[in-house]
Amino acid sequence: MQLGPDFYTQQPPQAVAAPVWAARNTALLQSLGWPQELLSDSHLPAWAGNAVLPGSTPLATVYSGRQFGQWAGQLGDGRALWLGEAESAQGPQEIQLKGAGRTPYSRGGDGRAVLRSSVREYLCSEAMHGLGIPTTRALSLVASPEPVRRETTETAAIVARVAPSFLRFGHVEHFSGQASTDRLRQLADHAIQHHLPECHDRAPAWQGNVYAALLDVVQERTARLLAQWQAVGFCHGVMNTDNMSLLGLTLDYGPFQFMDGFDPGHICNHSDHQGRYAYARQPNVAYWNLYALGQALMPLIGDSELTVQVLDGYKTLFPRALGDAMRAKLGLTGALAPESERDKDWQLVEDLLQLLAAERVDYTLFWRRLSQALASGGADLDAVQDLFIDRARWQAWLKRYVQRLNLLPGTDLAQVGQSMLRTNPKFVLRNHLAEIAIRQAKLGDFSEIATLQDLLHSPFDEHPGFEAYAAQPPDWASQLEISCSS
Ligand code: AMP
Ligand code: MG
């Protein structure tokens, strides 16, 4: 809104028939310090898009982007409406409705989101938050019987999302390469002033060039985000530049997946025929996307060598962040290890990942059981071994790991295990768990969404009685096909 009309089009939401609450996030509401009545029945029409909140001027923003490696030209909020910005206990927050009807950027789409994908977005953004991974949040989920046509006829839903900013790489790409750089500069300055003021402190490191510093900040946040995704086994599925947050948040939940059996080549998006966004490729794709951002910022940075130099930072920052994240998963935290130690630890990680991949061992279960084994002082080690067929290979790796643990100063293995239990989650939003919640929601029963929300809010806690939610997926889970269609 502060940016001016070149950046958006005002657009009221389109009403839906017979809206009902499918989920409400009172924990988020409280943490933002917003009044409880915002999620009371009197506000249901506003979160359904059937009424406009007082003081709100809904609008759709314009952006562009590269989709599956190709320049896609102008895109924009085709089904998301920006309702405004509000102060909160955690700083100013923007609010969006996703699925609230057509906008000038809908490009033939209906501006709607189906219940299936909305349940997934609502739950996954909260799961990511519970895991400590930067993400947009979800405040409410409203369902409507209104029909929405996809491969079959489904029903509509509207998610209210909250984030300090929904700015994407694609916003920058859109205003780059135009005859005048005024808009681009206005956008970049807005991002720096309102959302990334640390760019000013970092500018001296880049010859006083604040736009190079902006790229550096985004590069660093993206590297850290990707390290967290990889460490937890999260596949985004559609890492197009229009789905990349300038703030380094996980954004636009579509065909994402938390891996079950570990497979570096895993492709979670059924529409991704080339595997461009396969799990192991995500870090490189992020780099490619940062390159696109760097190119888009070139008219402001004005120095291609400097731009490349900034982007080079990712090549050391990402492996370092991933190495640290994986070492933490193994309980190898504490004093910063010298470089040679880090290299050795990384070898330990790589060999483990190869072992997990060779047997498609369940990624989340493995880490959790390993953590428990240590926390129990070794008593629960059999439960880890049970995950492997090639036990000799597992034993050989374990021997090296125990040797490494014994090098930790004053090692108390049970204590290391406790810290690992705070690092390796028991609960992630596996596809089949989301699917069960979706099937029930389609029948008008939203209780499973609430159960999952509760578990995923504190995924490191044991939650006695909910073991089934942390177990191996059932056979039918591998048949689930999740595509871009949403
Ligand atoms: P996505 O693949 O969900 O990130 O969407 C890519 C682009 O298509 C974005 O600009 C969306 O706003 C737009 N889009 C996706 N689905 C719809 C829809 N049902 N109606 C209108 N626009 C859509
Ligand atoms: Mg998108």
Side-chain angles (χ1 to χ4, degrees), residues 7-9 11-14 16 49 58-83 94 96-122 124-125 128 135-136 138 144 146-159 161 163 165-175 235-257 267-273 276-277 282 285-286 289 292-293 482-486:
F7 296 86
Y8 59 80
T9 308
Q11 174 69 49
Q14 212 174 312
V16 283
L59 52 89
T61 71
V62 61
Y63 54 80
S64 293
R66 286 172 170 78
Q67 301 191 318
F68 290 90
Q70 307 290 327
W71 176 245
Q74 182 190 303
L75 303 163
D77 295 324
R79 54 173 171 172
L81 286 181
W82 188 90
L83 299 187
E94 296 182 1
Q96 273 194 349
L97 286 187
K98 185 169 176 181
R102 302 198 72 238
T103 80
Y105 314 113
S106 296
R107 298 179 305 148
D110 57 10
R112 291 295 180 198
V114 295
L115 179 62
R116 158 177 59 85
S117 65
S118 306
V119 169
R120 283 170 54 86
E121 166 135 15
Y122 181 89
C124 196
S125 52
M128 293 302 251
T135 177
T136 62
S144 156
E146 195 140 318
V148 178
R149 277 169 199 85
R150 296 292 180 263
E151 284 83 0
T152 59
T153 299
E154 303 186 44
T155 58
I158 297 103
V159 175
R161 309 195 283 196
S165 169
F166 289 97
L167 281 176
R168 303 153 186 265
F169 288 16
H171 281 109
V172 179
E173 287 178 288
H174 183 76
F175 291 99
C235 305
H236 181 281
V238 205
M239 286 178 67
N240 295 333
T241 57
D242 52 297
N243 291 337
M244 298 289 292
S245 153
L246 219 48
L247 267 52
L249 309 173
T250 313
L251 171 69
D252 276 12
Y253 292 88
F256 68 82
Q257 186 178 5
I267 305 165
C268 64
N269 180 354
H270 199 65
S271 319
D272 181 8
H273 306 295
R276 178 179 173 85
Y277 299 137
Q282 295 188 125
V285 170
N289 289 343
L293 179 67
I482 312 287
S483 71
C484 277
S485 154
S486 60

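Here the structure is a predicted model, which means the values were calculated and not measured. Heavy atoms only: backbone and side chains are in, while hydrogens, waters and symmetry mates are out. Whatever order the structure lists them in is the order used to number ligands and atoms, beginning at 1.
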Mind checking whether R102 has a heavy atom under 4.0 Å from ligand 1?
no
Have a look at D252 and say which of its N, O or S atoms is nearest the Mg ion (ligand 2).
OD2
I need the contact type for K98 against ligand 1. Using non-hydrogen atoms and a strict under-4.0 Å cut-off, is it side chain, backbone, both or neither?
neither
Decide whether the shortest distance between a heavy atom of N243 and an atom of ligand 1 is less than 4.0 Å.
yes
Please state whether the rings of H171 and Y63 are parallel, tilted or perpendicular, taking 30° and 60° as the class boundaries.
perpendicular
Which of the atoms in ligand 1, numbered in the order shown and given with their element, are less than 4.0 Å from a heavy-atom of S106?
21 (C), 22 (N)
At a 4.0 Å cut-off, with the gap strictly under it, does some heavy atom of Y63 reach an atom of ligand 1?
yes
Any nitrogen or oxygen of Y105 lying under 3.5 Å from a nitrogen or oxygen in ligand 1? Just yes or no.
no
Is the closest heavy atom of E121 to ligand 1 under 4.0 Å?
no
Short check: is a protein heavy atom less than 4.0 Å from atom 2 (O) of ligand 1?
no
May I ask you to check whether G76 has an N/O atom sitting below 3.5 Å from an N/O atom of ligand 1?
yes
Under 6.0 Å between ring centres, would you say that holds for Y253 and Y122?
no
If you have a sec, work out which protein heavy atom is nearest atom 6 (C) of ligand 1 and how many Å separate them, to one decimal?
Q67 NE2, 3.7 Å
Heavy atom of the protein closest to atom 14 (N) of ligand 1 (residue, atom name, distance)
R79 NE, 4.2 Å
Does any N/O atom on D110 come nearer than 3.5 Å to any N/O atom on ligand 1?
yes
At a 4.0 Å cut-off, with the gap strictly under it, does some heavy atom of C484 reach an atom of ligand 1?
no
Quick one: does atom 10 (O) of ligand 1 have a protein heavy atom under 4.0 Å from it?
yes
Compute the shortest N/O to N/O distance between R150 and ligand 1 and return yes if it is under 3.5 Å, no if not.
yes
